[in-house]
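Below: the structure, in structure tokens.
These values consider heavy atoms only, across backbone and side chains, with no hydrogens, waters or symmetry-generated copies. Here is how names work: the chains are called A, B, and so on, in the same order as the sequence lines, proteins then strands, and each is numbered from 1. In this text, all values refer to a predicted model and were calculated from it rather than measured experimentally.
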Amino acid sequence: MALSTPRLRTFEHMIRSEQERQRIASVDALRARGIDPYPASAFSVTHHSTSLKKTFEEDVQVTLAGRLMSRRIMGKASFAELQDHEGRIQIYLNRDELCPGEDKSMYNDVFKKFLDLGDFIGIEGNTFRTQVGEPSIKVTALTVLSKAIRPLPDLKTDDEGNVHGAFTDPELRYRQRYVDLVVNPNVKNTFIARSAMIRKIRDVFDARGWTEVDTPVLQSIPGGAAARPFVTHHNALNTSLYLRIANELYLKRLIVGGFEGVYEFSRNFRNEGMDRTHNPEFTVLELYVAYKDYHWMMETTENLFGELAQAVHGKMEIPLGEHKVNFAPPYARVTMRDAILEHAGVDINDLDEAGLRKACENQGIETDDSMGRGKLIDELFGTKCEHHYIQPTFITDYPSDMSPLTKAHRDKPGYTERFELLVNGTEVANAYSELNDPLEQRARFEDQLKLSERGDDEAMFIDHDFLRALEYGMPPTSGIGIGIDRLVMMMTNQTSIQEVLFFPQMRPESFDTAGGDADFSALGVPKHWEDHLVSAGFKSARDVLDTKPTQVHQRLNGYRKKNKLDIPALSLEEVSAWYANAENHTS
RNA sequence: GACCUGGUAGCUCAGCUGGUUAGAGCAUCUCACUUUUAAUGAGAGGGUCCUGGGUUCGAGUCCCAGCCGGGUCACCA
């Protein structure tokens, strides 16, 4: 329930399809018979569909609730399917068993006429098997729980498992995810897997004594990553705030404060392009553990991913597109230098910035003056190497100027203790031995500032409070960020991020609510005609006045006849009077 | 942001070089039918062909602009 209720608007004038009008008429018909189409009382169930079918025994009394999803009516008996959160089960309705007395209206009218596919019903009955052996429930009592006035996309699955009339349009599926979830059962499974993965991560981390924390989403300095932020404004402080692009710097502050293991499922926001691997808001799991280094973090990560694959699939090797990916640890560890040497034939150790720029150009990579050494290496790796790593692989030891928050490598000057985990050619995790030398961190931020002055609009901001925190001392720490959405994609064999987010970002939909504001009072249109004017295509008084009276007259009476409206026909005089009324009204 | 591609009934989709009243399957409505399962048989209704301009005797179809998707690329995770 929302805390504040927006101004109520009525949409009585909304244009309805024929099927919607029929369903609304059924709502009224139910009420006329004393049946509340939206009853208030709870309905308790004893069973759910799939689990009941799994342990099926005949002649058990059961109560279930769900949506009516298909109906096969054969005179005095019908088969139907009830869908609950587990799946579907067949129900059998026999007129004389549902209505043992004289009154057969529960079957003849309520079930056959006033119920529609998509309605929520509750049933009570006994289990049995049909002649063909289908586990079914013979219904002895039927309760209307909620009437649907919009028809669901109807789809049917035949014996071979082919789906007919599938609801496949991505736009409709993402905008109306509720419909997608009702009619496409696999969609639900993806999100159940997502939930299972997140639960598993919590279990594993909590068992190790790490603390789940919450840190600010609204930040005055968007730190911890290189990305363009969303900006918003706080009225009371009269200051700009940014939606976080990362939570890294806050989690490190908590390590400074004495926590030895903290993690957060961080919803991050980046004001950048959208495509099938990018949504403006996305979830990163960040974990920071004190007294650890990146070698330890690699082991922790491969063990976690193995457990996740096990939790979701019950095995380590899972299908992903045209490949099979094996999440069983240990994973290959390849240094960035070796990766580039292997796939681009260039030894980055031998090259300075100018040499790298030349190497990039030789490989057909466009460069510009704003790109420093780190950026050039990143380009080289991104275009030449990344896509080769299908099986989980740790790419280690990144050059220091592309890793401003990472500790310098213990024995390779110019490199840092950092790794990214690649799966299926895509980065899913990024981890460091965290830089805890406050003076070096300050120097690295200043280097970023120089990059920014060269025109790199992704260079990081300097967060002075974070530097102050480091100056109080941070223990050696290893941290990791895992892209949860991408991880879910990989674990559920999905190729687009929109498939693992319930409500991916879409351009706002515009609703034609002109009818909701229609006001024909100035014309003196009779109340019982107002809705029909809108349905007949007149969305405002202006629409009427812009049309000739004779035409309005004919269109409305035509509409009345077509829809068999139980109201008197309009005379031309009546309609002409509306124009005169409008004139008097304005003058 | 660039390029390619699409928008026709509640859903999935046909609709040719522009030409009578825009079609199909499922869904809906009416009738028949007591163990069906993509139930079946007979009949009926249902459309702002995304929006707005233009060309034309005539536009779902051609042209222009716009709106909303999808794909590829750029940027990024």
Side-chain angles (χ1 to χ4, degrees), chain A residues 15-23 25-26 70-81 88 90-98 107 112-113 116-118 128-134 136 138 148-175 179 183 225-228 245-246 268-284 366 378-379 382 386 420-422 426-430 457-458 481-487 489 495-498 506-510 512 536-537 539 562-564:
Chain A
I15 295 167
R16 296 285 183 187
S17 72
E18 186 194 24
Q19 291 194 45
E20 288 168 344
R21 287 199 303 267
Q22 281 161 356
R23 283 164 179 252
S26 296
S70 75
R71 227 173 6 167
R72 297 179 285 276
I73 297 174
M74 293 159 299
K76 298 190 192 72
S78 300
F79 285 95
E81 277 176 300
R88 291 187 185 190
Q90 175 167 278
I91 62 175
Y92 173 74
L93 297 98
N94 180 300
R95 188 189 67 185
D96 298 320
E97 296 188 55
L98 183 60
Y107 181 78
K112 278 170 70 174
K113 291 202 179 111
D116 293 286
L117 300 188
F128 76 107
R129 274 182 201 280
T130 61
Q131 288 177 355
V132 250
E134 180 78 19
S136 309
K138 188 174 291 181
I149 61 170
R150 275 183 198 261
L152 288 166
D154 86 285
L155 82 195
K156 295 188 167 184
T157 310
D158 64 21
D159 286 342
E160 283 89 51
N162 303 314
V163 176
H164 302 263
F167 182 64
T168 52
D169 183 339
E171 175 172 6
L172 291 173
R173 287 186 48 233
Y174 301 154
R175 285 194 194 280
V179 174
V183 303
R228 280 198 295 270
I245 55 174
N268 294 345
F269 304 83
R270 297 190 183 175
N271 205 342
E272 288 160 355
M274 300 158 49
D275 58 36
R276 68 173 202 286
T277 55
H278 299 268
N279 194 65
E281 56 183 294
F282 62 103
T283 304
V284 174
E366 278 187 40
D378 193 35
E379 284 294 319
E386 207 167 51
E420 291 194 356
L421 176 59
L422 298 187
T426 308
E427 177 195 342
V428 279
N430 182 15
D457 61 357
E458 290 166 359
I482 298 172
I484 290 295
D485 309 299
R486 288 188 178 175
L487 182 58
M489 284 166 67
T495 53
S496 98
I497 200 170
Q498 285 77 18
M506 306 281 276
R507 195 173 286 278
E509 191 175 4
S510 71
D512 182 6
K539 292 186 181 168
K562 191 172 170 189
N563 292 285
K564 302 187 178 110

Choosing from [options], which nucleotide comes nearest the side chain of [X]?
{"X": "A:A77", "options": "B:U37, B:A77, B:U34", "result": "B:U34"}
{"X": "A:P153", "options": "B:C75, B:C11, B:A77", "result": "B:C11"}
{"X": "A:F79", "options": "B:U36, B:G10, B:U34", "result": "B:U36"}
{"X": "A:E134", "options": "B:C33, B:U37, B:U28", "result": "B:U37"}
{"X": "A:V132", "options": "B:U28, B:G10, B:U36", "result": "B:U36"}
{"X": "A:R276", "options": "B:U36, B:G71, B:U30", "result": "B:G71"}
{"X": "A:M506", "options": "B:G70, B:C29, B:U34", "result": "B:G70"}
{"X": "A:I497", "options": "B:A77, B:C11, B:U35", "result": "B:A77"}
{"X": "A:L117", "options": "B:U28, B:U35, B:A77", "result": "B:U28"}

In whole Å, measure the gap between the [atom1] atoms of [N] and [M] for me.
{"N": "B:G60", "M": "B:C50", "atom1": "P", "value": "10 Å"}
{"N": "B:A27", "M": "B:U20", "atom1": "C1'", "value": "30 Å"}
{"N": "B:U8", "M": "B:G47", "atom1": "P", "value": "15 Å"}
{"N": "B:G41", "M": "B:G69", "atom1": "C1'", "value": "41 Å"}
{"N": "B:U61", "M": "B:G19", "atom1": "C1'", "value": "11 Å"}
{"N": "B:A9", "M": "B:G23", "atom1": "P", "value": "14 Å"}
{"N": "B:C13", "M": "B:C4", "atom1": "C1'", "value": "22 Å"}
{"N": "B:A77", "M": "B:U5", "atom1": "C1'", "value": "28 Å"}

Q. Within the distance-only criterion (no hydrogens, no angle test), does the side chain of A:R486 pair as donor or acceptor with the backbone N or O of A:T277 below 3.5 angstrom?
A.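 Confirmed, A:R486 side chain pairs with A:T277 backbone.
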
**Q.** Side chain A:S26, main chain A:Q22, donor-acceptor under 3.5 Å
**A.**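 Pair found, side chain donor or acceptor close to backbone of A:Q22.
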
Q | Base of B:A77 and ring of A:F282 stacked, centres under 5.5 Å, planes under 30° | A |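 Yes, A:F282 stacks on the base of B:A77, since the ring centres sit under 5.5 Å apart and the planes are within 30°.
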
Q.
For A:P151 and A:G133, find the nucleotide of RNA chain B closest to each by heavy atoms; which residue's nucleotide sits nearer the 5' end?
A.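 Nearer the 5' end of the strand: A:P151.
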
Q.
Please determine whether a side-chain nitrogen or oxygen atom of A:R72 lies at a distance below 4.0 Å from atom OP1 or OP2 of B:A39.
A.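 Yes, such a contact exists.
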
What is the nucleic acid contact for [X], judged by heavy atoms within less than 4.0 Å: base, sugar-phosphate only, or nothing?
{"X": "A:Q19", "result": "base"}
{"X": "A:K112", "result": "nothing"}
{"X": "A:N430", "result": "nothing"}
{"X": "A:D275", "result": "base"}

Between [atom2] on [N] and [atom1] on [X], what's the gap in Å once rounded to a whole number?
{"X": "A:R228", "N": "B:A74", "atom1": "CZ", "atom2": "P", "result": "15 Å"}
{"X": "A:I73", "N": "B:U35", "atom1": "CD1", "atom2": "P", "result": "14 Å"}
{"X": "A:E20", "N": "B:U28", "atom1": "CD", "atom2": "C1'", "result": "12 Å"}
{"X": "A:R150", "N": "B:A9", "atom1": "CZ", "atom2": "C1'", "result": "15 Å"}
{"X": "A:N94", "N": "B:U34", "atom1": "CG", "atom2": "C1'", "result": "6 Å"}
{"X": "A:K76", "N": "B:A39", "atom1": "NZ", "atom2": "C1'", "result": "18 Å"}
{"X": "A:K113", "N": "B:C31", "atom1": "NZ", "atom2": "C1'", "result": "11 Å"}

Q.
Classify the ring geometry of A:F79 against A:Y92: parallel below 30°, tilted from 30° to 60°, perpendicular beyond 60°.
A.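 It falls in the tilted class, 30° to 60°.
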
Q: Answer whether the closest heavy-atom distance between the side chains of A:R71 and A:L117 falls below 4.5 Å.
A: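 SC-SC contact between A:R71 and A:L117 confirmed.
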
Q: Please give the nucleotide sitting opposite B:U72 as a Watson-Crick or G-U wobble pair, both distances under 3.5 Å, or none.
A: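 The answer is B:A2, by the H-bond criterion.
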
With 3.5 Å as the limit, what N/O pairs link the protein to nucleotides 1-5 of chain B?
none

Q.
On the side chain of A:Q90, is there an atom forming a donor-acceptor pair with the base of B:U36 - under 3.5 Å, no angle test?
A.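 Yes, a donor-acceptor pair under 3.5 Å.
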
Q. Taking atom types as they are modelled, is there a donor-acceptor pair under 3.5 Å from the base of B:A9 to the side chain of A:E18?
A.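 It does not, because no donor-acceptor pair links the side chain of A:E18 to the base of B:A9 below 3.5 Å.
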
